[in-house]
Structures are given as structure tokens and as C-alpha cells.
Amino acid sequence: MDGRNGVADLFSDAVDLNGVTIMPGHLDRRAQEAMLDDLRAVAKAAPFRQYETPGGRQMSVRMTAAGARGWVTDRKGYRYAETSFDGSPWPDIPASVLTVWRQVSGVDRDPDSCLVNFYGEGARMGLHQDKDEADLHWPVVSISLGDDALFRVGGVETPTPSKSRWLKSGDVAVIGGAARLAWHGIDRIKFRSSDLLPEGGRVNVTLRMAG
DNA sequence: AAGTACCA
DNA sequence: TGGG
């Protein structure tokens with residue numbers, strides 16, 4: 001085991017960041033625009049909202065989801081929920097998003113959860129582990145759209161030492177294998193560094209098996 | 001418990 | 001700006 005995801009070998013320009021595989025420029029502009037259209041439809045059905053952490057602090061990132069389960073948080077804790085806060089089921093995961101999972105995840109089962117995170121000006125996400133999923137052997141796939149984002153990846157046991165890299169629109173990352181529980185976060189974005197979103201900001205899509 | 005401030 |  002070299003600490004990378006096996007799928008990295010299929011992509012010649014893959015970059016390793018503490019065991020997380022990044023595929024720069026995986027999606028071309030046309031694919032990014034098509035996916036963004038699909039995500040706007042998701043957000044229309046299940047609007048972005050700002051969640052509160054169990055400690056009572058507001059997250060700067062706005063979130064929604066698609067698929068059977070979406071991640072939510074409030075003062076009671078983090079959890080996956082089968083409905084959004086208004087009680088309606090999450091929209092279906094768009095086909096454009098599932099296509100990316102099938103290309104890079106290295107597994108033959110489709111994800112049941114697609115989290116959609118919007119980073120406006122000044123938004124960030126502190127270092128954390130994705131460990132609320134029922135079975136931690138499935139990978140997590142992350143797709144970046146819009147503004148550049150400084151992605152930080154630490155270790156599996158501890159957040160530090162960490163390495164960082166600027167993610168660009170169209171980059172795809174796989175958090176799996178030995179790095180599945182790696183600490184990771186977004187230090188900051190370069191607001192309006194991309195013109196994909198006319199309103200500015202970054203959309204991050206993550207695919208996973210939650211249940 | 002997915003937060004910031006702040007330091008070099 | 002990177003990092004603890």
C-alpha cells in the first residue's frame with residue numbers, strides 16, 4: 001500500500017496530497033456548465049441553508065444535498081437525514097454528477113448521498129474528518145466548481161502535519177483508501193477568481209455512501 | 001462536533 | 001501566506 005488510491009494510476013496527471021488523489025482539470029468547461037445547471041435545479045428544489053454546529057456556531061458554507069441522504073447539523077449534532085429541514089425528500093442525484101463518480105471512485109456501487117456546498121465570499125471550512133458514514137470503506141469523491149479554493153489535507157490520526165493545494169474549477173478529488181479518514185478542510189477561496197458562477201463563489205459537490 | 005484568532 |  002503506497003497510501004494513494006488505486007484509481008490514481010488511471011489518471012496520469014493525478015496529484016497526491018497526503019494520500020488524497022486530486023485530478024486537476026478532470027471536467028472541461030462544458031461539463032462544468034452542464035453540472036452547474038443540474039445543481040441549480042437541485043438548489044431550487046432543496047434550497048441552500050446555513051447550518052449551526054453542535055457548539056452553536058454558524059458555518060459560513062451554505063449547504064444542500066441530493067440523493068437518499070443529506071448531511072445536516074444543528075445543536076443536537078451531525079447526522080445524515082433522509083429529508084431536508086422542511087420534511088421533503090432530497091432531489092435525485094443528477095446524472096452528470098453520478099458520471100464523475102463512476103469515472104473516478106473505483107467502485108461499482110452508486111452513492112446514496114450528494115452534498116452540495118456553496119462557498120460565498122469569505123466562506124471556509126475548518127479541518128474535519130468525514131466519519132459519520134455507516135461504512136467507512138467506501139471512498140468520498142469531491143468536485144470543485146467556480147472559484148479557486150485552498151484545500152488542506154492533514155493526517156488520518158491528527159490534523160497536522162498538513163499539506164495544501166489550490167483547487168480549480170473542474171478538479172476532482174478522491175478521498176479513499178488509507179486516506180479515507182484524513183483531516184481536511186478549505187482554508188479560503190479566491191472570490192471571483194473564476195467566471196463559472198456569474199455571482200461569484202465556489203460550489204463543492206461530494207459523493208459518498210452514507211448509509 | 002465542520003468555529004475563530006493569531007502568530008511567524 | 002502557511003500553519004499550529
Side-chain angles (χ1 to χ4, degrees), chain A residues 15-20 22 24 39 42-43 46-67 69-82 84-85 90 111-136 138-168 171-176 179-194 201-211:
Chain A
V15 173
D16 178 282
L17 200 63
N18 276 356
V20 171
I22 298 168
L39 295 171
V42 167
F48 286 105
R49 57 171 287 147
Q50 209 166 354
Y51 289 113
E52 215 168 75
T53 66
R57 284 172 289 213
Q58 285 234 306
M59 297 181 71
S60 55
V61 175
R62 294 178 177 277
M63 311 181 139
T64 186
R69 297 176 180 82
W71 187 86
V72 299
T73 173
D74 57 20
R75 269 160 294 190
K76 293 176 181 150
Y78 304 151
R79 61 194 176 276
Y80 283 96
E82 296 182 356
S84 61
F85 261 67
W90 304 101
D112 66 358
S113 178
C114 170
L115 309 185
V116 186
N117 293 345
F118 177 74
Y119 292 71
E121 188 168 17
R124 60 196 124 160
M125 188 174 291
L127 285 169
H128 64 281
Q129 295 170 297
D130 285 23
K131 59 178 183 184
D132 300 323
E133 300 73 31
D135 181 344
L136 295 173
W138 301 100
V140 173
V141 170
S142 165
I143 306 166
S144 295
L145 297 171
D147 288 341
D148 299 353
L150 185 56
F151 181 45
R152 183 167 299 281
V153 180
V156 169
E157 301 297 333
T158 59
T160 57
S162 63
K163 292 180 177 175
S164 63
R165 178 186 168 94
W166 283 97
L167 295 179
K168 312 273 292 183
D171 290 359
V172 173
V174 180
I175 303 173
R180 174 60 180 77
L181 285 173
W183 289 81
H184 60 282
I186 296 293
D187 287 356
R188 57 184 174 273
I189 70 167
K190 278 184 197 159
F191 190 64
R192 291 202 178 284
S193 54
S194 162
R202 170 176 189 259
V203 175
N204 182 66
V205 179
T206 60
L207 294 160
R208 69 204 51 217
M209 294 292 332

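Every chain is numbered from 1, with letters handed out A, B, ... down the list of sequences.
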Could you check whether any side-chain N or O of A:W183 sits under 3.5 Å from a backbone N or O of A:R152, counting only pairs where one atom can act as donor and the other as acceptor?
no
Residue among A:D74, A:D132, A:T73 satisfying side chain to side chain donor-acceptor pair (under 3.5 Å) with A:R79:
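Going through the options one by one, the only one that passes is A:D74.
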Would you call the rings of A:W71 and A:Y51 parallel, tilted or perpendicular, taking 30° and 60° as the class edges?
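A:W71 vs A:Y51 ring planes: perpendicular.
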By nearest-nucleotide position on DNA chain B, the 5'-leaning member of A:S60 and A:K76 is A:K76
Footprint ends on DNA chain B, 5' to 3', for atoms under 4.0 angstrom from a heavy atom of chain A, come out as B:dA1 to B:dT4
Base, sugar-phosphate, or nothing: which does A:D74 touch, judged by heavy atoms less than 4.0 Å apart?
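No contact at all - A:D74 keeps every heavy atom at 4.0 Å or more from the nucleic acid.
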May I ask you to say what A:G126 touches in the nucleic acid, namely base, sugar-phosphate or nothing, with a heavy-atom cut-off under 4.0 Å?
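If one applies the 4.0 Å heavy-atom cut-off, A:G126 turns out to touch the sugar-phosphate alone, with no base involved.
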Over-ring placement of A:R62 relative to A:F118, 6.0 Å and 45° cut-offs:
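Checked: cation-pi criterion not met.
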Given Watson-Crick and G-U pairs under 3.5 Å, DNA chain B in dot-bracket ([ ] crossing, | other strand) is .....|||
Within residues 145-154 of chain A, which residues have any heavy atom lying less than 4.0 Å from an atom of DNA chain C?
A:L150, A:R152
State, yes or no, whether a side-chain contact exists between A:R49 and A:M63 at a heavy-atom distance under 4.5 Å.
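When only atoms from C-beta onward are counted, A:M63 and A:R49 do not touch, as no gap falls below 4.5 Å.
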Between A:D112 and A:Y80, is there a side-chain heavy-atom distance shorter than 4.5 Å?
no
